[in-house]
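Encoded as structure tokens, the structure appears first; notes follow it.
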Amino acid sequence: MEKLTQYREAIVGLLKQYVHSQPQNNIEEHLLTDFEHGHFQVLRSGWADKDTFRLGILIHIQLKPTGKVWILANWTEDDIANALVEQGVERNDIVLGFQPEFIRSYSGYAVA
């Protein structure tokens, strides 16, 4: 249970870095946390111009009860997996869930 708490804190701490207090170009970032089910997201929403509303997931991470950290979406240029390792998450507990399983074995992280 201690590992889950450590990983949860690492995930939330990392994702907070992607949420700006002031909207940028009328686009806001939101940190969504579902502690019960282990889902953590940074969501962007807002009006790109007067006729175009934008809504999308920037980052989505799931912390499974087994202690595996699944990165399900990363639409940043940053290496989220490596940032989690720097926060104390073990490489063999990180799964690049957005990659097909046959490619994950080459990633240096867990396959599943």
Side-chain angles (χ1 to χ4, degrees):
M1 193 61 156
E2 183 178 312
K3 181 164 109 170
L4 289 176
T5 301
Q6 175 195 348
Y7 285 4
R8 187 179 307 116
E9 290 174 0
I11 292 166
V12 172
L14 176 66
L15 296 185
K16 282 182 178 180
Q17 297 174 30
Y18 290 89
V19 179
H20 300 91
S21 58
Q22 297 295 320
Q24 297 180 341
N25 301 324
N26 296 322
I27 304 293
E28 296 178 338
E29 289 101 5
H30 312 275
L31 175 59
L32 306 176
T33 57
D34 178 355
F35 292 105
E36 182 179 349
H37 299 104
H39 287 274
F40 307 89
Q41 292 183 343
V42 174
L43 179 75
R44 284 187 172 162
S45 67
W47 289 92
D49 55 48
K50 69 178 190 166
D51 297 326
T52 309
F53 184 77
R54 302 279 185 201
L55 176 69
I57 295 170
L58 183 63
I59 303 169
H60 183 172
I61 299 174
Q62 182 181 13
L63 176 58
K64 303 233 179 182
T66 60
K68 294 289 186 178
V69 176
W70 282 69
I71 301 174
L72 301 175
N74 177 14
W75 293 102
T76 73
E77 296 179 359
D78 301 333
D79 186 346
I80 298 294
N82 189 58
L84 288 170
V85 169
E86 291 174 357
Q87 295 278 335
V89 177
E90 296 179 30
R91 290 183 78 83
N92 61 344
D93 284 337
I94 297 173
V95 178
L96 303 180
F98 57 86
Q99 294 285 353
E101 191 170 337
F102 72 92
I103 292 177
R104 291 184 214 149
S105 61
Y106 302 105
S107 70
Y109 297 100
V111 174

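For the numbers below, each heavy atom of this structure counts, side chains included, while hydrogens, waters and symmetry mates do not. Because the structure is predicted, anything quoted here is derived from the model rather than measured.
For the atom pair CZ of R44 and CG of L55, the computed distance is 12.0 Å after rounding to the nearest 0.5 Å. I59 contributes atom CD1, which lies 9.0 Å from atom CD1 of I71 (distance to the nearest 0.5 angstrom). Separating the CD atom in E90 from the NZ atom in K68 is a distance of 9.0 Å, to the nearest 0.5 Å. From R91, atom CZ reaches atom CG of L84 across 11.0 Å, with rounding to the nearest 0.5 Å. Rounding to the nearest 0.5 angstrom, the gap separating the CD atom in Q17 from the OG1 atom in T76 is 11.0 Å. Note: Q41 CD to D34 CG = 9.5 Å, rounded to the nearest 0.5 Å.
Taking every heavy atom of both residues into account, I94 and A81 meet most closely at CD1-O, 3.6 Å. Nearest heavy atoms, L14 versus A83: CD1-CB, 3.7 Å. The shortest non-hydrogen separation linking L63 to R8 is CD2-N, 3.8 Å. Contact record, Q87 with Q6: O-NE2, 4.4 Å, taken as the closest heavy-atom pair. Scanning both residues, V69 and Y7, for their nearest heavy atoms gives CG2-CD2, 3.7 Å. Here the closest heavy-atom approach between residue I57 and residue W75 is recorded as O-CD1, 3.3 Å.
Applying the ring pair (Phe, Tyr, Trp, His ring centres under 6.0 Å) rule to pairs touching residues 15-37 yields F35-F40, sequence neighbours excluded.
Follow the hydrophobic side-chain contacts under 4.5 Å out from V95 and you never reach V85; the two are in separate clusters. With hydrophobic clusters built from ILVMFWY side chains whose heavy atoms lie under 4.5 angstrom apart, L72 does not share a cluster with L58. With hydrophobic clusters built from ILVMFWY side chains whose heavy atoms lie under 4.5 angstrom apart, L4 shares a cluster with V12.
Using a 4.5 Å cut-off on side-chain heavy atoms (C-beta onward), I11 and L15 make contact.
With sequence neighbours left out, the side chain to side chain contact (heavy atoms under 4.5 Å, CB included) criterion links K50 to no other residue.
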Which donor-acceptor pairs under 3.5 Å do the side chains of residues 102-112 make with protein atoms, sequence neighbours left out?
from	atom 1	to	atom 2	distance (Å)
R104	NE	L96	O	3.3
R104	NE	Q99	O	2.9
R104	NH1	V111	O	2.7
R104	NH2	Q99	O	3.2
S105	OG	F102	O	3.2
S107	OG	R104	O	2.7
S107	OG	Y109	N	3.1

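With hydrogens and angles disregarded, no donor-acceptor distance shorter than 3.5 Å links the side chain of D78 to the backbone of I80.
More than 12 heavy-atom neighbours from other residues, nucleotides or ligands sit within 6.0 angstrom of CH2 on W47.
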